[in-house]
Amino acid sequence: MSRTVNADQELFVDVTRRFIAEHCPTSTVRTWSAEPLGYDDQWWSRGADLGWTSALVPEALGGGSVSDSGLIDLTLIADAFGDAAAPGPLTSVNVVIDALARDGGADHLRRWIGSLLDGSVTAAWCAPELAADGRGFDLSVRATADGQDLLLNGVARQVLGGDGASLLLVPTRVDDADAHVLLDATATGLTIEPLQTLDLVQRVARLEFADVRVDRAAAIGTANSVERAFQVGLAIQLAETVGAMGKLFEITHEWLLDRYSFGRPLGSYQAIKHRFADARMWLEACRAAAAAAAHAVQEEAPIAAELVSVAKAFTAHRGPELAHECIQFHGGIGVTSEHDLHLYARRVIQNSALLGGMGEHRQRVAAILCGRMQ
Amino acid sequence: MSNVAAQESLDDFRLRARAWLAENLPRRSQSGLARTARFLDEESRLARHRVLQRTLFDAGFAGLCFPIEYGGQGLSVEYQRVFTEESLPYEMPSAFNVPTLGILAATLLDFGSEAQKLRHLPAILRGDEYWIQFLSEPSGGSDLAGALTTAVLDGDEWVVNGSKVWSTRAHLCDYALCLVRTNWDVPKHRGLSVLIMKIHQPGIEIHQTEMLNGSREFCQEYFTDVRIPYENLVGEVDEGWTVATRWMYHERSAVGGASPYVSGVGGDGAHGPNAAMLELAAHLDQLDDPRVRDRIAQGYLEGVIHDQLIDRVNAAMRDGKLPDSAATMLRLYKGLIAADYASSAFQVAGPGAVAWRSGEDAVGDFGVGFLMRQVSQIGGGTVEMARNVIAERLLGLPRELSTDRDRPFREVRTNR
């Protein structure tokens, strides 16, 4: 499979880039920060028309993508989101859609897939937390059997797009194996609490489950489904992060060429040139890592579990550092709300900590490495 | 690409290489710990690698990306990558990789005359010639265009006087590319030339410099009326900077790990990139310490991403999406992560890295490695030069001020 972006893919992402530029300039991002969902009531459904929800769904189920690599196509969209600090549950919705399309069965598909694809409803993925020692997940929502039903108890601490979603995908353990439970967000016993976030429009909620009852048929997937969802979520998030990093770099690059200090361009000072050269290099390395991870997930390669964590540990380290360097080069204006720089810095920093941070993913890489040695 | 092998699919090539390697090359020792930073007898190692290189050559596995007419195989870089992957369990003639193949043979390929290429490239690929760079001078390591070593034409011979430094294992090598000044009356970049210099000949005295780790592989050469045939000129007279620019591009590519002309890797390989720290932690029974695991993972993953970065930057340069100067990012990355790695490993090694019992060198080597940490940011062009290249050529930021560009080099103040 080719790793270069083909003409169809370029056209595909270009449509989204132009749509975002027209409908979600940074002034709109600022306005939408006051909206409960972080966007207006047209944004998501219009985006769905452009392919934001269909890339991981086979054509037979009403989806489809411009290439035979749906996840790669989706990462191009995610990069464009990062580049604009755009809002919307891109990661969450697509993780749920992927799980639904693979494991959902006829009844679940009939009920949900159409409205998710056309963007009339959204879904949220209760992303699992990594175990402290890096071996597997520390699933914080427990499922217990109660006759034909399952009872869910526990807390999902950080759920992207959790508030406003109609459908939830809850990783838990059913019959001693990691599995997913599909849950209507109106279920009794579920409390959805919107959280304060660093990012102005990327919404996160805390979900509490108190004896939430679901039919056993709501449990879907195989032992590997939770890991697969985690990889898809990370691939999308990583692409969005490097998109935002690229924008931070681009804005700062222009600034260093245009801004004069002591009668010469800021970018003529070696103290700044050298640090900016480092930033350029770390940016390219993050892009390389994110792309390699996405391709491994796309191909469902055994090494995908390792490469998503390699990329996340690295990007969660270098991404915020790059953001801070760009802020530093701007001086005081870089820490004000007036300049747009912070919109992207917020996205990079928020993403760095969600779905596992640098430390957690390093532990996971170490666990994989040690496991291989034994 | 006209030979039979070129029509061979990558998969077929892989299988053929795998079978041949298993049959013909010795396996490398398994433990990375036993061989870190220890200095084998360099002379024996280089002699051994000549034999291994000849073995590769005779079987048609040497110089995969070199043209067939110069003894290579005329294959694309994908074949070289496959061969390197397959070669990891085996002892390869890695002493030929840098600088001989990756830098000097590559530069000869770009600028050598037909006669020079026919004379030397097959000999290199056969394992008969080790090459070395006579580039830096005692008067300044990074300011290469400020070379003071001078060549004067006397009949049909060049007569060379001066000194070069930081040439690794020069005393064990056969030929050098030497950057010399042939004109003092023009600005610095316009009075340089490049000569092929036979190393073992009258007038060349080689001094080995002891490094902090005890190695004596770095050399300084003193030239006194060294005579070189006129036809050993590479490129045009006084146009040596054109050659040197490409030469340094090959250097940065090779040091960054991106050269298509090198084959196989030296160092560790048993558990993938940078396995030494993992083995160290196992040796010290610290594998369960989360702080140690954090360092192991960081060192390992930065190595994994190095390979991903090489692939990405090479592809982008090939497709014209990034200029050649982008290869400098690979050199910078390697320099920074190698230093990170040495620091992390030193922390994992603990006090045993600074005081150890005689004969128990495995942990002490990490102390020596830490002491030598900056090598990764100096050798092959300093990271400061790399940063200048990235900032000025890749990002278009203003050039550093220089006071020596527009006047005859004779008038420029130097460290003579």
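The sequence lines fix the lettering, A, B, ..., with proteins before strands; numbering per chain opens at 1.
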**Message:** Within the supplied structure, the quantity of interest is the number of heavy atoms (other residues, nucleotides, ligands) at a distance under 6.0 Å from B/Asp285 CG; does it exceed 12?
**Reply:** no

**Asked** Do we see a donor-acceptor contact under 3.5 Å between the side chains of B/Asn388 and B/Glu400?
**Response** no

**Request:** Counting only heavy atoms closer than 4.5 Å, note whether A/His317 contacts chain B via side chain, backbone, both or neither.
**Result:** side chain

**Item:** Side chain / backbone / both / neither for A/Arg264 at chain B, heavy atoms under 4.5 Å
**Value:** neither

**Message:** For a quick check under 3.5 Å, do A/Glu306 and B/Tyr300 share a side-chain donor-acceptor pair by atom type?
**Reply:** yes

**Choice from B/Leu287, B/Leu309, B/Asp294 maximising heavy atom contacts with chain A below 4.5 Å** = B/Asp294

**Prompt:** Taking the six-membered ring for Trp, are the ring centroids of A/Phe314 and A/His361 within less than 6.0 Å of each other?
**Reply:** no

**Prompt:** Counting distance only, does the side-chain N/O of A/Asp73 pair as donor-acceptor with the main-chain N or O of A/Ser67 below 3.5 Å?
**Reply:** yes

**Complete:** Whatever's closer than 4.5 Å to a heavy atom in chain B on A/Ala132 counts as neither

**Asked** Looking at B/Ile390, B/Ile305, B/Asp319, B/Asp288, which makes the most heavy-atom pairs under 4.5 Å with chain A?
**Response** B/Ile305

**Request:** For chain A, find which of B/Ile310, B/Leu397, B/Thr328 contributes the most heavy-atom pairs closer than 4.5 angstrom.
**Result:** B/Leu397

**Message:** Does A/Arg259 have more than 12 heavy atoms from other residues, nucleotides or ligands lying within 6.0 Å of its CZ?
**Reply:** no

**Prompt:** Does a donor on one side chain sit under 3.5 Å from an acceptor on the other, for A/Gln237 and A/Thr241?
**Reply:** no

**Message:** Using heavy-atom distances under 4.5 Å, tell me whether B/Leu401 contacts chain A through its side chain, its backbone, both, or neither.
**Reply:** neither

**Request:** Side chain from CB out, backbone as N, CA, C, O: work out which of these in A/Asp133 comes under 4.5 Å of a heavy atom of chain B, or both, or neither.
**Result:** backbone

**Prompt:** With a 4.5 angstrom heavy-atom cut-off, which part of A/Leu307 approaches chain B: side chain, backbone, both or neither?
**Reply:** side chain

